[in-house]
S.K.: 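Can you read through this structure? Questions will come right after.
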Amino acid sequence: MSITVELKGIVSSALNSLYELNIPADEVLVNGTKPEFEGDYTIVLFAYTKPVRKSPEVIGNELGNYLLENHKDFITGFNVIKGFLNLSIADSYWLGFLQQSFSNNSFGKAERLQKKVMVEYSSPNTNKPLHLGHLRNNFLGWSIGAVLNSVGYDVVKTCIVNDRGVHICKSMIAWQLFGNGATPASTNTKGDHFVGDYYVKFNDEFKLQVKDLVAAGKTQEEAEKEAPIMKATQQMLIDWEAGKPEVMELWKTMNGWVYEGFDTTYNKIGSDFDKTYYESNTYLLGKDLVEQGLEKKVFFQKDDGSVWIDLTADGLDEKLVRRKDGTSVYITQDIGLAEQKQKEFGAEKSIYVVGDEQNYHFKVLKLICEKLQLPSAEGIYHLSYGMVELPTGKMKSREGTVVDADDLVDEMITIAAQKTEELGKVKDFNAEELEKLHYIIGLGALKFFLLRVDPKKKMIFNPEESIDFHGFTGPFIQYTHARIKSILRKFELDNNKELEATQPLLLLEKQLIIHIELFGAVLQESAADLDPSKLAVYIFNLVKLFNSLYAEHSFGNAESEEKKLLRLKMAQLTATVIKTGMNILGIEVPERM
RNA sequence: GGACUGGUAGCUCAGCUGGAUAGAGCAAUAGCCUUCUAAGCUAUAGGUCAUUGGUUCGAAUCCAAUCCGGUUCACCA
């Protein structure tokens, strides 16, 4: 049990004994005491003044005295300032906590819950390579899975690959027209980039054709419809749906190139999935649900044959679920896939990590599933994250302002290599060890940069300024871990020696222990909010506290054997928390750097 | 226009289920390596929490209005 939970319980029953006041333990307000005041934890008393009919100062003193008398081993002192009761916790409590936890490698993690959740993330299109926005999505999705796993959920990570549709056909047409049989191998290009280049070529050619047609007297709209390359693309989509062999052949070949490229990138950034769905297999799902919906009168049919749902009563609009030609639309596939996942895995929650541009879509999706009374409905949760923007605004592929994922990862690793070289601390590393270290640091910097901000908020990335390696960053945390490991290598910790308590805990020591103790609660909070940034901030603060202590006091050469043992145990547990926490963010920590 | 969403230090962000004097990092300035890794530590400076009103013991936080951004509202995916 965490100490704040314990305190809440104690205060709740104290209020009951003193004033016959029934305040549920979880409604007691407990904060960490601000550093400028004496004490470790603070009870906020204002809420009790009315029912008790006493001033907060009086309540504070009575409560403080009561706690002091009845919990001598736990609470050793108090003071009251305005409506705040500051409590001091016994050193022996902290020492007991440290003794119990310091060698526990799974410190902070919770017991298995026997509950299953699904996290869908990444969801790329196969017509172009991954960019910075995908990186945020991938890091978030992976990390949220790890956070949920750490608090006891069984997590199924899934990915839906958007491998069909007009956009894919655009790349295919362009390759037919301009490729001259080129392949990624023949041009020495990564497969996803290779295919993406033809997508760009399509757009270039399309623009030229439209321009010519407009010059010949067509309106912009007519020109866009009639451009030969666009017509060819639409024909190809029809041929694809009909399963025309040569089209299928080309489609498979080009997607194959893309997957090869994606695999390389996923491997590098550490994204993995338990189950990958392909839209080419799922795009027909949900058709039968339209029939069901019509029978249940959830949907209605218009005169032209198209099928709709009326969501105006829910504050939304009418939404099409089947075209008049009988083909299904995007949302219908999603309903079908939601049901498919439900049948296949039966998770109690299904989290979709998808950008906030699709808030409306997911609102509609959940609503329709609810109205159809599908088992999947309740668990649908859209984890809506903000876009990564440039200082100039959104990234636009047409304007060439897209930050490519592979380029960025490589750049980060290069910078990591430069800095490591400059600092010259690992001159004895061989080439392989160095490469691994540069990778860990470069990727760590990138992941931490993207994960440290609240997922819901959009964030700005300035390509002109490289991502920092100092301060609130991954490398700073990795560095501190390496630093601790260095201490533990030099000064062996005897696990059998028990902590003593003849010398009081110093302020910095106590602050660090208090912070360590929060770890489990932080994981719970990150899981509840589906927000890895809470964890990132926590680790950063932990590391700052450790470094302050490190700068002020010696670990290996402490002033006494008692302090040496205490600090080495603190160091070990700090390293464990850093490593566990960073791993949950998908970031490795080195032994040396 | 409707719906949703954001506005906190020069920059990037915390804090938002109401609690003590609004916090970090970067950038700036000044210090700290003959003892455990200086990718570090310490200090200084930097704020009308968009604006106005309301709710109350107390508001960056809740409510309303206004201003300024963003997303979205396709027989696209």
Side-chain angles (χ1 to χ4, degrees), chain A residues 29 31 33-34 36-37 42 44-47 49-50 56 81-84 86 125 162 164-168 279 283 302 304-308 315-331 333-334 355-361 363-364 384 386-387 389 391 393-394 416 419-420 422-423 425-426 441 445 449 452-454 456-462 465 468-480 482-491 533-534 536-537 540-541 543-544 546-558 564 567-568 571 592-593:
Chain A
L29 198 53
N31 295 331
T33 301
K34 303 234 167 200
E36 54 268 39
F37 301 100
T42 298
V44 184
L45 304 166
F46 295 102
T49 53
K50 248 185 206 161
I81 296 167
K82 293 199 256 177
F84 302 93
N86 301 320
N125 290 348
N162 193 337
R164 64 165 286 279
V166 188
H167 50 292
I168 314 294
E279 205 192 290
Y283 82 108
K302 289 195 174 174
D304 64 4
S306 57
V307 180
W308 297 72
L316 306 176
D317 309 291
E318 286 186 356
K319 182 84 189 172
L320 178 89
V321 294
R322 192 172 73 191
R323 297 189 186 99
K324 66 180 174 212
D325 64 7
T327 57
S328 63
V329 290
Y330 182 48
I331 192 132
Q333 301 169 35
D334 269 4
D356 59 10
E357 316 169 293
Q358 295 199 40
N359 285 353
Y360 180 80
H361 173 78
K363 213 183 248 182
V364 171
S384 159
M387 298 288 108
E389 293 181 5
K394 289 186 71 172
K419 303 234 177 201
T420 304
E422 279 166 26
L423 290 166
K425 293 180 184 181
V426 287
I441 297 172
F449 177 81
R452 65 176 203 187
V453 309
D454 185 339
K456 291 190 289 295
K457 294 196 178 172
K458 71 174 181 199
M459 62 184 295
I460 308 238
F461 172 80
N462 188 349
E465 302 165 12
D468 228 301
F469 282 58
H470 300 270
F472 187 14
T473 67
F476 167 49
I477 292 164
Q478 291 170 322
Y479 166 75
T480 306
R483 191 183 225 187
I484 294 173
K485 285 306 178 120
S486 169
I487 298 171
L488 293 172
R489 276 192 301 272
K490 283 191 179 134
F491 305 94
S533 75
K534 297 244 162 54
V537 170
F540 172 61
N541 286 323
V543 161
K544 269 202 303 185
F546 179 87
N547 281 317
S548 296
L549 178 64
Y550 177 92
E552 284 288 318
H553 304 283
S554 185
F555 280 68
N557 304 312
K564 179 176 169 183
R567 289 189 195 139
L568 289 179
R592 289 180 55 195
M593 70 184 269

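Note that the coordinates shown come from a computational prediction; the quantities given were computed from them, not determined experimentally. Order of the sequence lines sets the chain letters (A, B, ...), proteins ahead of strands, with each chain counted from 1.
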S.K.: Name all stems that contain residues of RNA chain B, defined as runs of 3 or more consecutive Watson-Crick or G-U wobble pairs, both distances under 3.5 Å.
M.R.: B:1-7 with B:67-73, B:10-13 with B:23-26, B:28-32 with B:40-44, B:50-54 with B:62-66
S.K.: When you measure from the side-chain N and O atoms of A:Arg483 to the phosphate of B:A38, is any distance below 4.0 Å, counting only OP1 and OP2?
M.R.: yes
S.K.: Centroid distance below 5.5 Å plus an interplanar angle below 30 degrees: do A:Phe84 and B:G19 meet both conditions?
M.R.: no
S.K.: Charged N to carboxylate O below 4.0 Å: is that the case for A:Arg323 and A:Asp325?
M.R.: no
S.K.: On a plain distance test, is the side chain of A:Asp317 in donor-acceptor contact with the base of B:A74 below 3.5 Å?
M.R.: no
S.K.: Would the base of B:C75 count as contacting A:Ser306 through its side chain, where contact means a donor and an acceptor less than 3.5 Å apart?
M.R.: yes
S.K.: With a 4.0 Å cut-off on heavy atoms, is A:Asp334 in touch with a base, just the backbone sugar-phosphate, or nothing at all?
M.R.: nothing
S.K.: Contact list please: residues 547-556 of chain A against RNA chain B, heavy atoms, distance less than 4.0 Å, in numerical order.
M.R.: A:Asn547, A:Ser548, A:Tyr550, A:Ala551, A:His553, A:Ser554, A:Phe555, A:Gly556
S.K.: Check the side chains of A:Asn162 and A:Tyr330 for a donor-acceptor pair under 3.5 angstrom, ignoring hydrogens and angles.
M.R.: no
S.K.: Is any side-chain N or O of A:Arg323 closer than 4.0 Å to OP1 or OP2 of B:A77?
M.R.: yes
S.K.: Which of the following nucleotides, B:U72, B:G19, B:U21, is nearest to the side chain of A:Glu357?
M.R.: B:U72
S.K.: Once you round to the nearest 0.5 Å, how far does CZ of A:Phe476 lie from CG of A:Asn547?
M.R.: 4.5 Å
S.K.: As a test of reading the structure: which of B:C13, B:C36, B:A77 is closest to the side chain of A:Phe491, going by heavy atoms?
M.R.: B:C36
S.K.: Among A:Lys457, A:Lys458, A:Arg452, exactly one meets side-chain contact (heavy atoms from CB on, under 4.5 Å) together with A:Asp454. Which residue is that?
M.R.: A:Lys457
S.K.: Give, for atom CZ of A:Phe555 and atom CD1 of A:Ile484, the distance between the pair rounded to the nearest 0.5 Å.
M.R.: 7.0 Å
S.K.: For A:Arg592, report the nucleic acid contact type (base, sugar-phosphate, nothing); a contact means any heavy atom under 4.0 Å.
M.R.: base
S.K.: Return the polar atom pairs (N/O with N/O) between nucleotides 23-25 of chain B and the protein under 3.5 Å, or none.
M.R.:
from	atom 1	to	atom 2	distance (Å)
B:G25	O2'	A:Phe472	N	3.3

S.K.: Would you check if there is a donor-acceptor pair between the side chains of A:Ser384 and A:Asn359 at a distance under 3.5 Å?
M.R.: yes
S.K.: RNA chain B: A:Leu316 or A:Lys324, which has the more 5' nearest nucleotide?
M.R.: A:Leu316
S.K.: Once you apply a heavy-atom cut-off of 4.0 Å, does A:Ser533 come out as touching a base, just sugar-phosphate, or nothing?
M.R.: nothing
S.K.: Kindly point out which of B:C73, B:U21, B:G19 is positioned nearest to the side chain of A:Leu29?
M.R.: B:G19
S.K.: Under 4.0 Å, counting only non-hydrogen atoms across every strand here, what does A:Asp454 touch: a base, just sugar-phosphate, or nothing?
M.R.: sugar-phosphate
S.K.: Stacking check: are the rings of A:Phe46 and B:G58 less than 5.5 Å apart at their centres and under 30 degrees in tilt?
M.R.: no
S.K.: What integer distance in Å separates A:Leu45:CG from B:A20:C1'?
M.R.: 12 Å
S.K.: Could you check B:C49 for me: syn (within 90° of 0) or anti?
M.R.: anti
S.K.: Return the CZ to CZ distance between A:Phe546 and A:Arg483, rounded to the nearest 0.5 Å.
M.R.: 7.5 Å
S.K.: Give one of base, sugar-phosphate or nothing for A:Thr49, where a contact means two heavy atoms less than 4.0 Å apart.
M.R.: nothing
S.K.: Select base, sugar-phosphate, or nothing to describe what A:Met593 touches, counting heavy atoms under 4.0 Å on all strands.
M.R.: base
S.K.: Identify, between A:Leu423 and A:Trp308, the residue whose nearest nucleotide on RNA chain B lies closer to the 5' end.
M.R.: A:Leu423
